[in-house]
Peer 1: 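Attaching a single structure in structure tokens format; questions to follow.
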Amino acid sequence: MTRTRTWGAVAALGATALVLAGCVAKTDVAASDALTVTSTDTACTVSTATATSGTLAFAVINASSQVTEFYLLASDGLRIVGEVENIAPGASRTLTVVAQPGDYFTLCKPGMVGDGVGRTGFTVTGDAVTASGDDAAQKQKAVDLYASFVKDQVEQLVPAVASFVSAYEAGDDEKARTLFPTTRAFYERIEPVAESLGDLDPRIDYREVDAVAEGLDWTGFHRIEKDLWVPAQDALNSDGSTPAWKDWAPSTAAERATYGAKLIADVGELNDYVHGDAFQKALDAQGIGGISNGAIALLDEVATGKISGEEDWWSGTDLYDFAANVEGSKMAFSLVKDFAVSSGATGTELAGRIDSGYAALEAALARHGSLSAGFVNYRQLSEADKRELTDLINALAEPLSKLTSTILQ
């Protein structure tokens, strides 16, 4: 990644939709009205697939052999509407949410790692619910939902990295090349969290030119990337001047094992952090301003690294990182959008411009592929394609830069 940001601008970001908005008139749910959820090692069974909008309570029973979590996800499968975690085997906990009409997914995550089990559609019908009550409580809910999203992404990153490293260490380069961009997507959505932890992001995601410039050992995703896409003998590094083979050679099997183990350990350290008290305290201290600044920072990440093709210099998989950064930025915005709108006509107009900017950028990006179906190699983009994406990023960055001051006024 390109090193052009300050810590304060990226110490936190947000990435979920504020579908449940703080306090509402009805906040208590009788036990008899609760929906029941049974979490096992292989299934997540909910007593019904439909409900009426308003306050919903999910009584979660952990019948699995591991500590589990339960999620209510928005229709995109990424945004977290609500979650309850750390449910011990044999224990029960209740998730209470204010659900607006729409389509959702329910999901359990035994072991609190991976992408979960029993993902099932869940539909909420009825009228929209109007938020009321304490503004501070609504802002804290936004922060808490962001924390849940980050933990979920890192929990999925852990096994994805393990699979990627396994293929790399085994010399199955074709499989490792396939897993490289999709594994990185989990990290790219929440990357500023790692960047706030001193040298953790450099260990995980520094490019070679950055590590050399700072006198650091070069490890992580991009060290492995160069092994998987071995450059030509006359190739240059991303600085455009340093020979690719200067002080570098393809890793031996033993070196691959070392680099792979290091990446697993560093991602494990990130996982420990986001599940600890220090992470929540950092988010609480920054509040919704930190979430808003995170939306801006992730778009800056696209502008300074991905759009230039410098990030994934050897693989050409920059558009995957691009898309994941935009997803993280958009979801951070969605988490604080209601606060912008509630500030008045100016905030409403600003939110509309930002929405339109994301839509235009996503439409242009979709012409080159998707995270699920795959993207074209970055080198296949024409100069006109790059100019279009650059112009759309700049157009979105202008109103987005005003978001934090608007929601905090």
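Bear in mind that the values here come from a model prediction, so they are computed numbers and not experimental data.
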Peer 1: Would you sort out whether Lys109 and Asp115 count as a salt bridge (charged side-chain N to carboxylate O under 4.0 Å, His left out), showing the intermediate values?
Peer 2: CA-CA 7 Å; Lys109 192 181 291 185; Asp115 56 4; over 6 Å; no
Peer 1: Got Trp248 and Asp227 here, is their nearest side-chain heavy-atom distance under 4.5 Å?
Peer 2: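 In short, these two side chains touch, coming nearer than 4.5 Å.
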Peer 1: Can you find a heavy atom in the side chain of Ser308 that is under 4.5 Å from one in the side chain of Trp313?
Peer 2: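 No, too far: nothing below the 4.5 Å cut-off.
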Peer 1: Distance from Asp300 atom CG to Ser401 atom OG, nearest 0.5 Å?
Peer 2: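 OG of Ser401 is found 9.5 Å from CG of Asp300.
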Peer 1: Any ion pair linking Arg387 and Asp391 (charged N to carboxylate O, less than 4.0 Å)?
Peer 2: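 Salt bridge flag = no for Arg387 with Asp391.
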Peer 1: Can you confirm whether Asp173 is buried at CG, in the sense that more than 12 heavy atoms of other residues, nucleotides or ligands lie under 6.0 Å from that atom?
Peer 2: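 Atom CG in Asp173 is crowded, with more than 12 foreign heavy atoms closer than 6.0 Å.
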Peer 1: Return yes if some donor-acceptor pair links the side-chain N/O of Asp385 with the main-chain N/O of Leu389 below 3.5 Å, else return no.
Peer 2: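 Side chain of Asp385 to backbone of Leu389: no pair is present.
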Peer 1: Using a 4.5 Å cut-off on heavy atoms from C-beta on, say whether the side chain of Leu200 contacts that of Asp266.
Peer 2: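 A side-chain contact under 4.5 Å exists here.
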Peer 1: Less than 4.5 Å apart, any side-chain heavy atom of Leu228 and any of Tyr168?
Peer 2: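 Yes; the side chains approach each other to less than 4.5 Å.
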Peer 1: With side chains defined as the heavy atoms from C-beta onward, is the minimum distance between Thr50 and Phe122 less than 4.5 Å?
Peer 2: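 Thr50 does not reach Phe122 side chain to side chain.
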Peer 1: Between CG of Leu95 and CG of Leu35, what distance do you get to the nearest 0.5 Å?
Peer 2: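 Reported to 0.5 Å precision, the distance equals 10.0 Å.
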Peer 1: Heavy atoms only: give me the nearest Ile288-Ile407 pair and the separation to one decimal.
Peer 2: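 Taking Ile288 first and Ile407 second, the nearest heavy atoms are O-CD1, 3.7 Å.
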Peer 1: Do you know which two heavy atoms are closest between Tyr378 and Gly309, and how far apart they sit?
Peer 2: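 Looking at all heavy atoms of both residues, the closest pair is CE2-CA, 3.5 Å.
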Peer 1: Got Leu145 and Val81 here, is their nearest side-chain heavy-atom distance under 4.5 Å?
Peer 2: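 No - every pair of side-chain heavy atoms lies 4.5 Å or more apart.
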Peer 1: Hey, mind stepping through Arg177 and Glu174 against salt bridge (charged side-chain N to carboxylate O under 4.0 Å, His left out) and telling me if it holds?
Peer 2: CA-CA 5 Å; Arg177 284 192 289 265; Glu174 182 177 356; 5.9 Å; no
Peer 1: Are the side chain of Glu225 and the backbone of Trp314 linked by a donor-acceptor contact shorter than 3.5 Å?
Peer 2: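 Pair found, side chain donor or acceptor close to backbone of Trp314.
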Peer 1: Report the C-alpha distance between Asp239 and Thr242 in whole Å, list the side-chain angles of each, state the deciding distance to 0.1 Å, and finish with yes or no for side chain to side chain contact (heavy atoms under 4.5 Å, CB included).
Peer 2: CA-CA 7 Å; Asp239 59 3; Thr242 307; 2.5 Å; yes
Peer 1: When you measure from the side chain of Thr68 to the backbone N and O of Ser64, does any donor-acceptor pair fall under 3.5 Å?
Peer 2: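 Answer holds: no.
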Peer 1: Please determine whether a side-chain nitrogen of the Lys or Arg among Arg207 and Glu310 lies less than 4.0 Å from a carboxylate oxygen of the Asp or Glu.
Peer 2: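 Counted as a salt bridge, because a side-chain N and a carboxylate O are separated by less than 4.0 Å.
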Peer 1: Drop me the distance from Asp321's CG to Glu311's CD, to the nearest 0.5 angstrom.
Peer 2: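 One finds 5.5 Å between CG of Asp321 and CD of Glu311.
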Peer 1: Any sub-3.5 Å donor-acceptor pair from Asp41's side-chain atoms to Ser65's backbone N or O?
Peer 2: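 Flag set: sc Asp41 to bb Ser65 pair under 3.5 Å.
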Peer 1: I'd like to know whether Leu263 forms a side chain to side chain contact (heavy atoms under 4.5 Å, CB included) with Ile224, so could you lay out the CA-CA distance, the side-chain angles of the two residues, the decisive distance to 0.1 Å, and finally the verdict.
Peer 2: CA-CA 9 Å; Leu263 181 59; Ile224 294 174; 3.9 Å; yes
Peer 1: Dump the intermediate steps for salt bridge (charged side-chain N to carboxylate O under 4.0 Å, His left out) on Arg189 and Glu327, then the final yes or no.
Peer 2: CA-CA 7 Å; Arg189 293 188 188 106; Glu327 281 187 346; 2.6 Å; yes
Peer 1: Could you grab the distance from atom CG of Leu216 to atom OH of Tyr206, nearest 0.5 Å is fine?
Peer 2: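 Atom-to-atom, Leu216:CG and Tyr206:OH are 6.0 Å apart.
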Peer 1: Scan Leu381, Asp312, Ile307 and name whichever one has a side chain to side chain contact (heavy atoms under 4.5 Å, CB included) with Leu319.
Peer 2: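 Of Leu381, Asp312, Ile307, side chain to side chain contact (heavy atoms under 4.5 Å, CB included) with Leu319 is met by Leu381 alone.
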Peer 1: Before giving the answer on side-chain hydrogen bond (donor to acceptor under 3.5 Å, both in side chains), spell out for Gln140 and Asp284 the whole-Å C-alpha distance, their side-chain angles and the decisive distance to 0.1 Å.
Peer 2: CA-CA 8 Å; Gln140 186 60 49; Asp284 290 345; 3.0 Å; yes
Peer 1: Calculate, to the nearest 0.5 Å, the distance between atoms OG and CD1 belonging to Ser39 and Ile61 respectively.
Peer 2: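 With rounding to 0.5 Å, OG (Ser39) is 10.5 Å from CD1 (Ile61).
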Peer 1: Determine whether a donor-acceptor pair (N or O, by modelled atom type, separation under 3.5 Å) exists between the side chain of Lys226 and the backbone of Ala244.
Peer 2: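 Here the side-chain-to-backbone pair exists.
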Peer 1: Main chain of Leu179, side chain of Thr183: is a donor-acceptor contact present, judged purely on distance under 3.5 Å?
Peer 2: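 Here the side-chain-to-backbone pair exists.
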Peer 1: Check whether any side-chain heavy atom of Val84 sits under 4.5 Å from a side-chain heavy atom of Glu69, and report yes or no.
Peer 2: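 Heavy-atom side-chain distance check fails, nothing below 4.5 Å.
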Peer 1: Are Phe322 and Leu361 side-chain neighbours, meaning at least one heavy-atom pair lies under 4.5 Å?
Peer 2: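 Phe322 reaches Leu361 side chain to side chain.
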Peer 1: Go through Glu188 and Lys306 one step at a time and tell me if the salt bridge (charged side-chain N to carboxylate O under 4.0 Å, His left out) criterion holds.
Peer 2: CA-CA 11 Å; Glu188 291 293 328; Lys306 278 66 176 184; 3.1 Å; yes
Peer 1: Hey, what's the ring geometry for Phe164 with Phe221, parallel, tilted or perpendicular (30° and 60° as the breaks)?
Peer 2: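 Ring orientation of Phe164 relative to Phe221: tilted.
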Peer 1: May I ask you to decide if Ala366's main-chain N or O and Ser370's side chain share a donor-acceptor pair within less than 3.5 Å?
Peer 2: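 No, Ser370 side chain to Ala366 backbone: no donor-acceptor pair under 3.5 Å.
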Peer 1: Quick one: closest heavy-atom pair of Phe333 and Ala295, and the distance?
Peer 2: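 That closest heavy-atom pairing would be N-CB, 4.0 Å.
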Peer 1: If the threshold is 4.0 Å, N to carboxylate O, is there a salt bridge linking Glu85 and Arg93?
Peer 2: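 Salt bridge absent between Glu85 and Arg93.
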Peer 1: Check for a donor-acceptor pair, side chain of Asp152 on one end and backbone N or O of Ser148 on the other, with a separation under 3.5 Å.
Peer 2: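 Looks like no, no N/O pair under 3.5 Å.
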Peer 1: Check whether the side chains of Ser251 and Arg223 place a donor and an acceptor atom closer than 3.5 Å, and report yes or no.
Peer 2: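 Side chains of Ser251 and Arg223: pair found under 3.5 Å.
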Peer 1: To the closest 0.5 Å, what do you measure between SG (Cys108) and CZ (Phe70)?
Peer 2: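 The distance works out to 6.0 Å.
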Peer 1: Could you walk me through whether Thr106 and Leu72 pass the side chain to side chain contact (heavy atoms under 4.5 Å, CB included) check?
Peer 2: CA-CA 5 Å; Thr106 56; Leu72 181 65; 4.0 Å; yes
Peer 1: Please report the C-alpha distance between Thr406 and Thr346 in whole Å, then the side-chain angles of each, then the deciding distance to 0.1 Å, and finally whether the side chain to side chain contact (heavy atoms under 4.5 Å, CB included) criterion is met.
Peer 2: CA-CA 8 Å; Thr406 299; Thr346 299; 5.6 Å; no
Peer 1: Over 60° means perpendicular and under 30° means parallel, so tell me whether Phe180 and His222 are parallel, tilted or perpendicular.
Peer 2: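 The rings of Phe180 and His222 stand perpendicular, inter-plane angle above 60°.
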Peer 1: Hey, is the main chain of Arg203 close enough, under 3.5 Å, to the side chain of Thr219 for a donor-acceptor pair?
Peer 2: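 Yes; at least one donor-acceptor contact below 3.5 Å.
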Peer 1: Tell me the closest heavy-atom pair linking Ala323 and Leu371, and the distance in Å.
Peer 2: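 Result for this residue pair: CB-CG, 3.9 Å.
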Peer 1: Donor-acceptor pair, distance only, cut-off 3.5 Å: does the side chain of Tyr358 make one with the backbone of Ser329?
Peer 2: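 Yes; at least one donor-acceptor contact below 3.5 Å.
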Peer 1: Taking all heavy atoms of Ala147 and all of Gln280, pick out the closest pair and write down the distance.
Peer 2: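 Answer, listing the atom of Ala147 first, then Gln280: CB-OE1, 3.6 Å.
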Peer 1: Provide the closest heavy-atom pair for Ala351 versus Val341 in the form atom of the first, atom of the second, distance.
Peer 2: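 Reported closest heavy-atom pair: CB-CG2, 3.9 Å.
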